[in-house]
Amino acid sequence: MWTLTLAGSVDRPQKSSPIAEVTGKTASSEILAEWETIRRAQALDEAALGELYTAYYPRIYNYAFLQLGDIHAAEDLASDVMLKMLESLHSYHFKGLPFAAWVFRIARNRLIDLHRRRRRRGEIDLNEMHASTLASPHSLAERALERGQMQVALKHLTDEQRQVIVLKFIQGFDNRAVGRIMGRSEGAIKSLQHRALASLRRVLQGEER
Amino acid sequence: MRLRSFRSVLDECVAALQQGETLQSCLDRYPRQATRLRPLLTLAQQVGRTPPVVPRLAAQRTSWELVRQRAAQMRRGRRRIAIQASWLRPIAIAAAVFGAVIAAGGATAYAAQDSLPDSPLYRVKLVSEEVRLLVVFDDADKADLLLDQSQERTDEIMALLQQGKPVPANVLGALKNRDERAADILANQPGETELLARSLQQSQAQETLLLALWNDVSQSARDDYAEAVAALHNTRLRGSGTAVTIAPDDLAHGVLDISGTIEPVAEEVWRVGGVEVRVDRRTFDADLLEPGRTARIIAARGSDGRLLALNLAAFDPGPIPGALVSGAVEEVSDDQVLIGGQWIGLTPDTLLKLKLTRGQRVQIAVSSQDGRAVAAEIESGEDGPASSPSLAYEGTVRGKVSAADQTNEWNIGGLAFVITPATLIDAQAGPIQEGARARVEAITTGEGLVAQRVTVLAVKTDENSVHLSGVFQGSNEGRWLVSGMAVEVQEGEEAPTVGSLVTVSAERAGGRTFARQVDIVERPGDATVHLEGVLAAMDGHKWTVGFTPIELTDKTKLFGEPITGVRVLVWGQRGENGVLQAKHVRILDQRPIIKIN
């Protein structure tokens, strides 16, 4: 359900929370509904945990896949984030930051940890190799923008530019939330947004980075 | 009028589009920047329309199950209790211990949660588990939590195995400790039938696992191993209402895995595949014993050298079906692995001793489940150190080979092989006794030739005739070194490349081995698959060995008479049609050991 909502969200306000989509509650009560669900989940109510899981696992998986380009790695990361979300739920307090942003901050941190572990082990990121050797910007420019192409194009951006594109334009967070997730100011996010779109446009037009 | 930066204008327009405003409306508002804005805003819209990646349902379900279980654990550990004065002491202790853990760094306690027994944080993990137990006051809940913690030890052991690490003492001790405490609690909770059933089932699964891992336990952990296995076995005995127990001393010299025909010897003494074992009230499924049936037993060798059967599985006359496949992993998924052109299923019962990756050489013990080939066990197929490649040697058993005492060296084909607790003995084709023909797979260690597997063959041949296969290591003046064994070859025999796998039919005389025929089976770098199993079907050049289809070609070298029901060794490579093309086939038995319908 949220998939269809997101696809059509360009022409409609992106205000529906994933929880609202899952529970079917009206837009006017969605924030309260989500908070109620979170409160029950903090008490380890299984049904509430299930709602949160159903709402956020696909989003975290999508986020992870666009970063990692590997199904298994994305599944591992999504599963890890869900467990961490559960274990840290008791510490979540609403301070003006949407719950979704809190969950994605966990995901972002886990992703950073993963990259650090890989670098320590000297693991070669096959997806990086794939992006640089198999899918040149020229070939990307000739094709329509599909999911696979988006993933390869994103690989040509810096990590921060990629984060902004995914968090803001795919996951629908505002600057403030993106800033909280990435640990950057709103001003920095605005600048990153400009550079990210410009870089992505150059990649898709077949220009060198 | 102050000019706004382009990035601010861009940001405002992006937000406006997300709120539902049209692209043209934004561009009309900022005509000077419209040329630069249009492509970026259009791109932003395209990115937003990118279809999301849909997660796989199976993975999502598995992940949810993990979350659900974790939540259940957290619920048990966070039970609300009314504070009473008499409880202050245990709570204070818990707080003090927990405080000490937190004082060491909350991050430390958190980081310890995933640590394995070889990590310095493992002790912190065990301490935090104890803290959790201290604040659980309901006995049934405590037993449940102890069983969870015991199961966690199993997961840790499997994680170590997959990393190629030995099993240390600390995890075995922790497993035994938690299992015994749970069993003690449940002994006084007859009403908790579900928990009792879980305890017995878990103990059986853990005992089965540990019995299969004798070879993977570090030397310094052998005592803890014996204690852990004894504790698990005794939990099962108590659960079945049996008052007798086994002692760790009954496992002092490890365990033995024997398959063969059953014969009675004396009261509570049976012969399985020619090996004498004691079968009494401490043996599970002893009532399945019937003379003439085929059985597989896991027996413990005690400090007195005698064997006690712990677990028994009896079958109708006929061998236990199974095959061995060795080669490089071609593909791997969550539930199957492709090797030699055949998909072999992975099940929750598969004992996986390593993490599977493409290109890795593995050895898979294959069995049949619901009509499909599944992996019973997967381990590394790499040889040990370069100085000790494995040797397969066939010869006649000479002298006494009874396992009833502490004899641990058998003479087969004129060579002495050390029999260890880890040696697998397959006596399905007949008892292991003087005069029997046997095939030994062994490696050379400081102790000499250590037998990993001994298989009795259905063969009658000259007792001086031997056959061996191994890695060619070099030659010198007409003598070849094959997996540590010196072989005299005929004049003019061309030496293969070092590292080649060769088979040699030979004669033993005067303590020396004289080759009659030599064949090169595999050269270094060949992507060869090795298959071992019963010849189940033959249709012209298409055979089925074990559960694997193979094809013989005009280049196949065949040694022996193929009859369905005999055991076969095959070396081959995957053909273009995906089927294993046999290069070299050796028939091990001269008569069928299983009747194929």
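Chain letters run A, B, ... following the sequence lines, proteins first and then strands; every chain starts at 1.
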* Asked: Which atom pair, heavy atoms only, marks the closest approach of P55(B) to Y57(A)?
  -> CB-CE2, 3.6 Å

* Grab the two heavy atoms, one from R7(B) and one from G187(A), that are nearest each other, plus how far apart they are. => NH1-O, 3.1 Å

How far does [atom1] of [X] sit from [atom2] of [Y], to the nearest 0.5 angstrom?
| X | Y | atom1 | atom2 | result |
| --- | --- | --- | --- | --- |
| N62(A) | T50(B) | CG | OG1 | 9.0 Å |
| R68(B) | L86(A) | CZ | CG | 12.5 Å |
| Q46(B) | F169(A) | CD | CZ | 12.5 Å |
| L43(B) | L200(A) | CG | CG | 4.5 Å |
| L49(A) | R70(B) | CG | CZ | 12.0 Å |

* Does any non-hydrogen side-chain atom of E46(A) lie less than 4.5 Å from one of R75(B)? -> yes

* Asked: Hey, does L10(B) have a side-chain heavy atom less than 4.5 Å from the side chain of L197(A)?
  -> yes

* Do you know which of D11(B), T62(B), D334(B) has the most heavy-atom pairs with chain A at a distance under 4.5 angstrom? -> D11(B)

* Asked: Looking at L66(B), T42(B), V67(B), which makes the most heavy-atom pairs under 4.5 Å with chain A?
  -> V67(B)

* Asked: Relative to chain B, which segment of I71(A) carries a heavy atom at a distance below 4.5 Å: side chain, backbone, both, or neither?
  -> side chain

* To do: Please flag which part of N175(A) lies under 4.5 Å from any non-hydrogen atom of chain B: side chain, backbone, both or neither.
  => side chain

* **side-chain contact (heavy atoms from CB on, under 4.5 Å) evaluation trace for K190(A) with V14(B)** => CA-CA 10 Å; K190(A) 282 185 190 176; V14(B) 164; over 6 Å; no

* To do: Under the side-chain contact (heavy atoms from CB on, under 4.5 Å) rule, what do V54(B) and F65(A) come out as? Steps first, then yes or no, please.
  => CA-CA 10 Å; V54(B) 179; F65(A) 185 80; over 6 Å; no

* Asked: Would you say Q24(B) has more than 12 foreign heavy atoms packed within less than 6.0 Å of its CD?
  -> yes

* Picking from S79(A), A74(A), A198(A), A196(A), which has the most non-hydrogen pairs under 4.5 angstrom with chain B? -> S79(A)

* **Worked verdict on H194(A) versus L40(B) for side-chain contact (heavy atoms from CB on, under 4.5 Å)** => CA-CA 8 Å; H194(A) 176 202; L40(B) 298 181; 4.1 Å; yes

* Check the pair E87(A) / M74(B) against side-chain contact (heavy atoms from CB on, under 4.5 Å), numbers first and verdict last. => CA-CA 8 Å; E87(A) 289 168 352; M74(B) 291 169 68; 4.2 Å; yes

* To do: Verify, without hydrogens or angle tests, whether Y53(A) (side chain) and W64(B) (backbone) share a donor-acceptor contact under 3.5 angstrom.
  => yes

